[in-house]
Protein chains: 2
Amino acid sequence: MEQRSANISREMSLLKERMQQNHYKSTPQRDEIAEWIFRTHEHFTVDALVSNFREQGKKVSQATAYRVIQMMLELKLIEEHDFGKDYKFYEHTPGHEHHDHIVCIDCGKIIEFSDQGLESLKEKITLKNGFRMKEHHLTIYAECTTCPPDKKGFKKKGA
Amino acid sequence: MEQRSANISREMSLLKERMQQNHYKSTPQRDEIAEWIFRTHEHFTVDALVSNFREQGKKVSQATAYRVIQMMLELKLIEEHDFGKDYKFYEHTPGHEHHDHIVCIDCGKIIEFSDQGLESLKEKITLKNGFRMKEHHLTIYAECTTCPPDKKGFKKKGA
DNA sequence: GTATGTGCAAAACGTTTGCAAGTTC
DNA sequence: GAACTTGCAAACGTTTTGCACATAC
């Protein structure tokens, strides 16, 4: 997962490229938000993004944050996840392959995993049912064995 | 999946039993809503539930509908799913085993499948990562081969 | 009779949008 | 300068809640 932070300038080039292709103008807000996203290794929420900017004294309006998120989803530079809370989680995609998630129902820790056998099984099952697979999200809610017993704050809410 | 409609009185007994155990009182509204849920074979939304009652001339307030849903989730009689829309989908659990879903990104059709190999692989992967699996949701977004090309209305929104 | 459940309308939540002012190309 | 982007505050759609009234046990 650490290769995700590898090379921000390459990721920014990718952004610029796709923005041009899709007739998006370059603005300081878009650049700064995208950079923050490419630098962020964890799964983040829009609220976390905006708060983090505020803490650093930079100002981004929520509206712009949400709009940049939409743009980056469209440009396939980030992915959206529902982990059973009422807000969404995001993560950037360049630099790491498709993966699934295990969410600790006690502490909220999110870990990523990817398993080739699992992927081909998904593909096979989808075909067998007469579909062409486009996207797939597997989230496993679990208890982590190392999680201190007082950290009972996450709790699944939806699915 | 058709065994789901098999025996509503058995499912209602289960409801009554768990309601008593959890100190919920029996009311006509709870009974009627639960019956509707046990009789419903598709994945439904709260809005669909309320509309359906209205159409039949029966009245249920939205508030009560949401409250019964919460109760039944707690009693483990229904499951909640996020299929990428801004509202949740529900389905009752008695009478059918755990399964995963394929959602057609064109027409919104939801099909269920269950695969033993997939289940044990999930379990194995979870353990390997140091977790104890509690719940897991796999949703595959796909195109169905039989879907008429004009039915492009569903579209994933989140994940 | 007391605790619990219901219905309404209002609130709450994350997210989206209309619009006037500011930027980009 | 035409088209697009921003920020604000207001609107949105789903879900939750406060409260007065009604019902269950």
Side-chain angles (χ1 to χ4, degrees), chain A residues 15-34 36 43-54 57-75 78 80-90 155-159, chain B residues 15-36 43-54 57-75 78 80-90 154-159:
Chain A
L15 172 76
K16 293 292 165 108
E17 197 181 293
R18 297 197 188 164
M19 278 174 68
Q20 262 179 267
Q21 283 163 3
N22 290 269
H23 311 292
Y24 283 109
K25 289 181 177 168
S26 190
T27 71
Q29 289 92 333
R30 284 173 175 172
D31 288 359
E32 281 184 38
I33 293 171
W36 185 91
H43 298 72
F44 64 92
T45 62
V46 175
D47 190 56
L49 190 163
V50 174
S51 302
N52 203 280
F53 268 77
R54 293 242 165 87
K58 298 180 189 170
K59 58 163 176 259
V60 218
S61 74
Q62 270 203 104
T64 299
Y66 276 104
R67 286 189 273 231
V68 175
I69 292 280
Q70 284 312 315
M71 179 188 76
M72 290 181 76
L73 278 171
E74 194 190 324
L75 301 183
I78 57 176
E80 190 174 59
H81 297 289
D82 185 296
F83 291 140
K85 309 286 277 183
D86 0 294
Y87 37 86
K88 300 282 173 39
F89 285 79
Y90 299 89
K155 288 274 168 297
K156 237 183 98 284
K157 223 216 89 182
Chain B
L15 172 75
K16 294 294 167 105
E17 196 181 295
R18 296 196 189 164
M19 278 173 70
Q20 264 179 265
Q21 283 164 4
N22 290 270
H23 311 292
Y24 282 110
K25 289 180 180 171
S26 190
T27 72
Q29 289 92 332
R30 284 174 174 172
D31 288 358
E32 282 184 38
I33 292 170
E35 259 192 68
W36 185 92
H43 297 72
F44 64 92
T45 62
V46 175
D47 191 56
L49 189 162
V50 173
S51 304
N52 204 280
F53 269 76
R54 294 240 165 90
K58 296 179 191 171
K59 57 163 177 262
V60 220
S61 74
Q62 270 202 100
T64 299
Y66 276 104
R67 286 190 273 230
V68 175
I69 293 280
Q70 283 312 314
M71 178 187 76
M72 290 181 75
L73 279 171
E74 193 190 324
L75 301 182
I78 58 177
E80 192 174 58
H81 297 288
D82 186 296
F83 290 140
K85 309 287 277 186
D86 5 293
Y87 38 84
K88 300 281 172 40
F89 286 79
Y90 299 90
F154 198 71
K155 289 273 168 299
K156 238 184 98 286
K157 224 215 85 178

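Numbered from 1 within each chain, the chains take letters A, B, ... in sequence-line order.
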K.L.:
Expressed as a whole number of angstroms, how long is the span from A/D82:CG to C/dT15:P?
P.N.:
10 Å

K.L.:
Output the rounded distance in Å from CD (B/Q20) to C1' (C/dT4).
P.N.:
15 Å

K.L.:
If you only use heavy atoms from C-beta on, which nucleotide in D/dT6, C/dG5, D/dT15 is closest to the side chain of B/Y87?
P.N.:
D/dT15

K.L.:
Closest to the B/R67 side chain: C/dG5, C/dC25, C/dG7?
P.N.:
C/dG7

K.L.:
With respect to the side chain of A/Y24, which nucleotide from C/dT16, C/dG7, D/dT5 is positioned closest?
P.N.:
D/dT5

K.L.:
Do A/R30 side-chain atoms and A/K25 backbone N/O form a donor-acceptor pair below 3.5 Å?
P.N.:
yes

K.L.:
For the pair A/W36 and A/F44, name the ring-plane relationship: parallel under 30°, tilted 30 to 60°, perpendicular over 60°.
P.N.:
perpendicular

K.L.:
Check every atom of C/dT6, D/dG7, C/dT24 against the side chain of A/T27 and return the nucleotide holding the closest atom.
P.N.:
C/dT24

K.L.:
Considering only side-chain heavy atoms of A/A63, which listed nucleotide, D/dG7, D/dC4, D/dA24, is closest?
P.N.:
D/dG7

K.L.:
Can a donor-acceptor pair be found, under 3.5 Å and without considering hydrogens, that links the side chain of B/S51 to the backbone of B/D47?
P.N.:
yes

K.L.:
A/F53 has an atom CZ; how far is it from atom P of D/dG7, in whole Å?
P.N.:
11 Å

K.L.:
Give a yes/no on whether any side-chain N or O of A/Y66 is located under 4.0 angstrom from OP1 or OP2 of C/dT16.
P.N.:
no

K.L.:
Rounding to a whole Å, what distance do you find between B/K85:NZ and D/dG13:P?
P.N.:
14 Å

K.L.:
Just the rounded figure in Å: distance from C1' of D/dT17 to CD1 of B/I69.
P.N.:
18 Å

K.L.:
Would you mind reading off the distance between B/K59 atom NZ and C/dC8 atom P, rounded to a whole angstrom?
P.N.:
7 Å

K.L.:
What is the nucleic acid contact for A/R30, judged by heavy atoms within less than 4.0 Å: base, sugar-phosphate only, or nothing?
P.N.:
sugar-phosphate

K.L.:
Contact class for B/Q62 vs. all strands (heavy atom < 4.0 Å): base, sugar-phosphate, or nothing?
P.N.:
base

K.L.:
Can you check the A/D47 CG to C/dC13 C1' distance for me, whole Å?
P.N.:
11 Å

K.L.:
Given D/dC8, C/dT6, D/dC25, which nucleotide is nearest the side-chain atoms of B/S26?
P.N.:
D/dC25

K.L.:
For a quick test of reading the model: is some side-chain N or O of B/T64 closer than 4.0 Å to OP1 or OP2 of C/dG7?
P.N.:
yes

K.L.:
Fit a plane to each ring of A/F83 and A/F89, take the angle between them on a 0 to 90° scale, and name the class: parallel (under 30°), tilted (30 to 60°) or perpendicular (over 60°).
P.N.:
tilted

K.L.:
Of all the nucleotides listed (C/dG7, D/dT15, C/dT15), which has the minimum atom distance to the side chain of B/Q29?
P.N.:
C/dG7

K.L.:
Nearest to the side chain of A/K88, which nucleotide is it out of C/dT24, D/dT14, C/dT15?
P.N.:
C/dT15

K.L.:
Indicate whether any N or O donor in one side chain lies under 3.5 Å from an N or O acceptor in the other, for B/S26 and B/K16.
P.N.:
yes

K.L.:
How many whole angstroms separate atom CG of A/N22 from atom P of C/dC25?
P.N.:
15 Å

